[in-house]
Amino acid sequence: MITRFWHVGMTVDDLDKAVEQYEVLGYKVTQRFDKEEPQAIAAHLEHPTGSDIELWQWQDRQHLHVQFMKNHIALISDNIDDDVWALVEQGAEVVIPKTTGVLVTFVFVRDPSGNYIEIAEERT
């Protein structure tokens, strides 16, 4: 079951400048990280209101997964397999299979309208 909204993921041209922009709006960086595949640097920002943003600066913009990750919403699940299956039954397509990421285990799906959704399960 989806337990909460996690973040909106967005692509930026310059991560440092984008972070500064969102800090002016009250967001604070909670984590910066490098991703090996597709190659990128990223930052996760939180706002006191509870809205989170994940910013991505891609070094390898041609990697297949960039098209799925560059703009997406992310939801936290307590049962990733069941939630992904429920979406697939409604016509969604898995575009990035279950992967152990920096913060979570995740799956990316494309819904029938072409939107990308990250279903993530926190690792304990």
Side-chain angles (χ1 to χ4, degrees):
M1 169 185 272
I2 298 300
T3 59
R4 67 182 172 91
F5 176 83
W6 187 20
H7 65 256
V8 171
M10 298 184 292
T11 295
V12 297
D13 292 328
D14 183 317
L15 184 62
D16 292 328
K17 286 184 180 180
V19 165
E20 289 176 13
Q21 171 188 325
Y22 286 99
E23 285 176 335
V24 167
L25 299 175
Y27 286 86
K28 296 205 182 312
V29 173
T30 57
Q31 183 168 24
R32 282 182 175 257
F33 55 95
D34 296 322
K35 184 161 178 63
E36 289 184 28
E37 189 177 341
Q39 191 176 22
I41 55 175
H44 193 90
L45 297 89
E46 292 181 359
H47 193 271
T49 62
S51 61
D52 293 2
I53 299 173
E54 186 178 70
L55 301 175
W56 292 93
Q57 180 181 328
W58 306 102
Q59 274 75 50
D60 183 4
R61 289 181 181 253
Q62 302 309 310
H63 192 285
L64 176 64
H65 289 181
V66 171
Q67 70 175 317
F68 312 135
M69 298 173 69
K70 68 181 179 179
N71 295 303
H72 68 275
I73 64 164
L75 307 170
I76 295 292
S77 171
D78 62 4
N79 189 322
I80 194 170
D81 294 323
D82 285 353
D83 286 331
V84 169
W85 179 247
L87 289 170
V88 168
E89 285 186 320
Q90 296 298 313
E93 171 190 6
V94 173
V95 292
I96 301 177
K98 190 187 284 187
T99 304
T100 300
V102 175
L103 303 173
V104 296
T105 299
F106 63 87
V107 174
F108 272 76
V109 300
R110 179 176 35 234
D111 73 12
S113 296
N115 300 300
Y116 295 103
I117 305 167
E118 176 184 9
I119 304 297
E121 194 170 78
E122 296 173 304
R123 294 191 315 249
T124 54

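Not measured: the values here are computed from a predicted model. In what follows, every heavy atom counts, from backbone to side chain, and hydrogens, waters and symmetry copies are set aside.
For D83 and K98, the salt-bridge test fails: no basic side-chain N is under 4.0 Å from an acidic carboxylate O.
T100 places a side-chain heavy atom less than 4.5 Å from the side chain of R123. Residues W6 and H44 meet the side-chain proximity criterion, which asks for heavy atoms closer than 4.5 Å.
Atom CD of E46 is separated from atom CD of E54 by 11.5 Å, given to the nearest 0.5 angstrom. The line from OG1 of T49 to CG of L25 is 11.0 Å long, rounded to the nearest 0.5 Å. I76 CD1 to R4 CZ: the interatomic distance, rounded to the nearest 0.5 Å, is 4.5 Å. Remark: I73 CD1 to I119 CD1 distance equals 7.5 Å, nearest 0.5 Å. We find the NZ-CD distance between K35 and Q59 to be 12.5 Å, quoted to the nearest 0.5 Å. Between atom CG of residue L55 and atom CG of residue D16 there is a gap of 10.5 Å, rounded to the nearest 0.5 Å.
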Tell me, with the steps shown, if L75 and F5 meet side-chain contact (heavy atoms from CB on, under 4.5 Å). CA-CA 5 Å; L75 307 170; F5 176 83; 3.8 Å; yes

Start with the C-alpha distance between Q21 and V12, add both sets of side-chain angles, then the distance that settles side-chain contact (heavy atoms from CB on, under 4.5 Å), and finish with yes or no. CA-CA 11 Å; Q21 171 188 325; V12 297; over 6 Å; no

Does the pair N71 and Y116 meet the rule for a side-chain contact (heavy atoms from CB on, under 4.5 Å), with working shown? CA-CA 7 Å; N71 295 303; Y116 295 103; over 6 Å; no

Quick one: do I53 and H7 satisfy side-chain contact (heavy atoms from CB on, under 4.5 Å)? Show the steps, please. CA-CA 5 Å; I53 299 173; H7 65 256; 5.9 Å; no

Stepwise ring pair (Phe, Tyr, Trp, His ring centres under 6.0 Å) check, H72 with W56: CA-CA 11 Å; H72 68 275; W56 292 93; 7.4 Å; no

Checking side-chain hydrogen bond (donor to acceptor under 3.5 Å, both in side chains) for the pair H63/E37: CA distance, chi angles, key distance, verdict? CA-CA 8 Å; H63 192 285; E37 189 177 341; 3.2 Å; yes

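Of all non-hydrogen atoms in I96 and M69, the two that sit nearest each other are CD1-CG, 3.8 Å. Taking all atoms of both residues into account, the shortest heavy-atom contact from A120 to I80 is CA-CD1, 4.3 Å. Across all their heavy atoms, R32 and L15 have their closest contact at NH1-CD2, 3.7 Å. Closest heavy-atom contact between S51 and Y27: OG-OH, 2.9 Å. Residue E23 comes nearest to V29 through the heavy atom pair OE2-CG2, 4.0 Å, listed as atom of the first residue, atom of the second, then distance.
One hydrophobic cluster, built from ILVMFWY side chains closer than 4.5 Å, cannot hold both F108 and V8; they sit in different ones. Cluster annotation: V94 is not connected to V104 through the hydrophobic network of ILVMFWY side chains, with a link wherever side-chain heavy atoms come within less than 4.5 Å. Side-chain heavy atoms closer than 4.5 Å link hydrophobic residues (I, L, V, M, F, W, Y) into clusters, and following such links, possibly through other members, connects V66 to F33. Hydrophobic clustering, with ILVMFWY side chains joined whenever heavy atoms are under 4.5 angstrom apart, keeps V107 apart from L64.
The number of heavy atoms from other shown groups lying within 6.0 Å of NZ (K70) does not exceed 12. The number of heavy-atom neighbours closer than 6.0 Å to CD of E89, taken from other residues, nucleotides and ligands shown, is above 12.
Aromatic rings of H65 and W58 (six-membered ring for Trp) have centroids beyond the 6.0 Å cut-off, not under it.
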